[in-house]
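Reviewing the structure listed below.
The structure presented is a predicted model; accordingly, all values stated were derived computationally and were not measured.
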Amino acid sequence: MGSSITLLPCRLSRTAYALTLQLQEGPLLKLTRKRDGCHRNAARKEDLVENAGLDAREIACLGILRLFISTFAEPKSQNWMRALGQADDAFGIVEGPVIARRLILLLQAVRCSRRSVFMFSNPDCDGCARVLTEHERRLISAIQSFRLGRPEQAQLQLMMLCEGNSTRLALDRLADLMKVLDPRTTPRAFEILDRGTF
């Protein structure tokens with residue numbers, strides 16, 4: 001069995017958080033954001049997104065992943081629809097859906113290998129969304145490392161994220177993502193991945 005997903009608690013009161021989820025008139029569920037957030041600070045092994053050295057594509061991937069993850073934690077949110085929309089906005093209507101699909105396949109590969117709870121920040125609270133959890137950091141670092149032609153570092157991040165369990169499927173999914181997210185990824189990274197030599 002794979003890991004479960006846990007939404008880190010927002011410091012907003014339960015009542016205030018419940019008010020941020022409002023059913024709007026019409027057929028779609030729309031989530032509204034608490035603009036000022038909860039003023040959450042980064043804990044040990046966490047970092048602020050602004051200090052993580054992520055570029056715009058990696059930040060967009062983080063936002064999409066958080067929406068997919070929140071769908072697992074709270075299925076009624078239907079945040080997967082927002083994730084698809086965010087992917088279209090960030091990467092265009094041609095690449096966006098492909099990147100979104102490959103991100104969720106990567107996430108699913110990690111979930112199948114990992115045994116513990118995957119902790120992530122609430123994408124609907126600006127205060128929480130500023131914080132990069134350890135698990136999010138490892139997943140985004142794997143993406144970033146592979147993009148920079150360092151598959152060994154990507155493998156290490158995935159190995160830590162998957163708690164020493166098999167990372168083969170996650171690495172394959174990461175390589176598939178790179179083919180669309182960053183086609184300029186160094187061929188050496190793919191060669192090392194194909195040989196399985198790290």
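- Phe118 and Leu105 are not part of a single hydrophobic cluster, where members link through side-chain heavy atoms under 4.5 Å apart.
- Note that OG1 of Thr133 is 7.0 Å distant from CZ of Arg66, once rounded to the nearest 0.5 Å.
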TODO: Decide side chain to side chain contact (heavy atoms under 4.5 Å, CB included) for Phe68 and Leu84; before the verdict, give the C-alpha distance in whole Å, the side-chain angles of both, and the deciding distance to 0.1 Å.
DONE: CA-CA 9 Å; Phe68 280 136; Leu84 294 175; 4.3 Å; yes
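- In this structure a side-chain-to-backbone donor-acceptor pair under 3.5 Å is present from Arg114 to Val117.
- Remark: the backbone N or O of Leu54 is not paired with any side-chain donor or acceptor of Arg57 at under 3.5 angstrom.
- Residues Val49 and Leu161 share a hydrophobic cluster, clusters being chains of Ile/Leu/Val/Met/Phe/Trp/Tyr side chains in contact below 4.5 Å.
- Remark: Leu174 CG to Lys179 NZ distance equals 11.0 Å, nearest 0.5 Å.
- Residue Met178 holds its CE atom at 9.0 Å from CD1 of Ile99, rounded to the nearest 0.5 Å.
- Not a single donor-acceptor pair under 3.5 Å links the side chain of Ser121 to the backbone N or O of Ala129.
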Task: Derivation and outcome, side chain to side chain contact (heavy atoms under 4.5 Å, CB included), residues Glu136 and Leu62 - done: CA-CA 8 Å; Glu136 291 171 332; Leu62 175 63; 4.1 Å; yes
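- Between Val94 and Val98, the shortest heavy-atom distance links the atoms O-CG2, 3.8 Å.
- At distances below 3.5 Å, not a single donor-acceptor pair connects side-chain atoms of Ser113 with backbone N or O atoms of Ala109.
- When side chains are defined from C-beta on, Leu48 counts as touching Val131, because their heavy atoms get closer than 4.5 Å.
- How far CZ of Arg173 is from CG of Leu158: 13.0 Å, rounded to the nearest 0.5 Å.
- A heavy-atom distance below 4.5 Å is found between the side chains of Ile143 and Leu181.
- Although no hydrogens or angles enter the test, the distance criterion places a donor-acceptor pair under 3.5 Å between the side chain of Asn165 and the main chain of Cys162.
- Of the inter-residue distances, the one linking Leu177 atom CG with Phe146 atom CZ reads 9.5 Å to the nearest 0.5 angstrom.
- Contact record, Val180 with Arg102: CG2-NH1, 3.1 Å, taken as the closest heavy-atom pair.
- Annotation: side chain to side chain contact (heavy atoms under 4.5 Å, CB included) contacts of Gln153 (sequence neighbours excluded): Ser145, Arg150, Leu156, Gln157.
- Considering only heavy atoms from C-beta on, Phe91 comes within 4.5 Å of Ile64 through its side chain.
- Side-chain contact of Arg147 with Gln144: a donor-acceptor pair under 3.5 Å is absent, judged by distance alone.
- Using a 4.5 Å heavy-atom threshold, the side chains of Cys61 and Leu103 count as touching.
- In this structure, Ser141 contributes its side chain and Arg138 its backbone to no donor-acceptor pair below 3.5 Å.
- Within the 4.5 Å cutoff, no side-chain heavy atoms of Ile104 are placed close to those of Trp80.
- Linking ILVMFWY side-chain heavy atoms closer than 4.5 Å, directly or via other members, places Ile59 and Phe120 in a single hydrophobic cluster.
- Heavy-atom minimum distance, Glu163 versus Ser116: OE2-OG, 2.5 Å.
- For the pair Arg82/Asp124, a side-chain contact is recorded, criterion being any heavy-atom separation below 4.5 Å from C-beta on.
- Distance check: Arg137 CZ to Glu46 CD gives 9.5 Å after rounding to the nearest 0.5 Å.
- Taking a cutoff of 4.0 Å between a charged side-chain nitrogen and a carboxylate oxygen, Arg168 and Asp172 qualify as a salt bridge.
- Within the 4.5 Å cutoff, no side-chain heavy atoms of Leu65 are placed close to those of Leu106.
- In this structure the side chain of Gln155 reaches within 4.5 angstrom of the side chain of Thr167, judged on heavy atoms.
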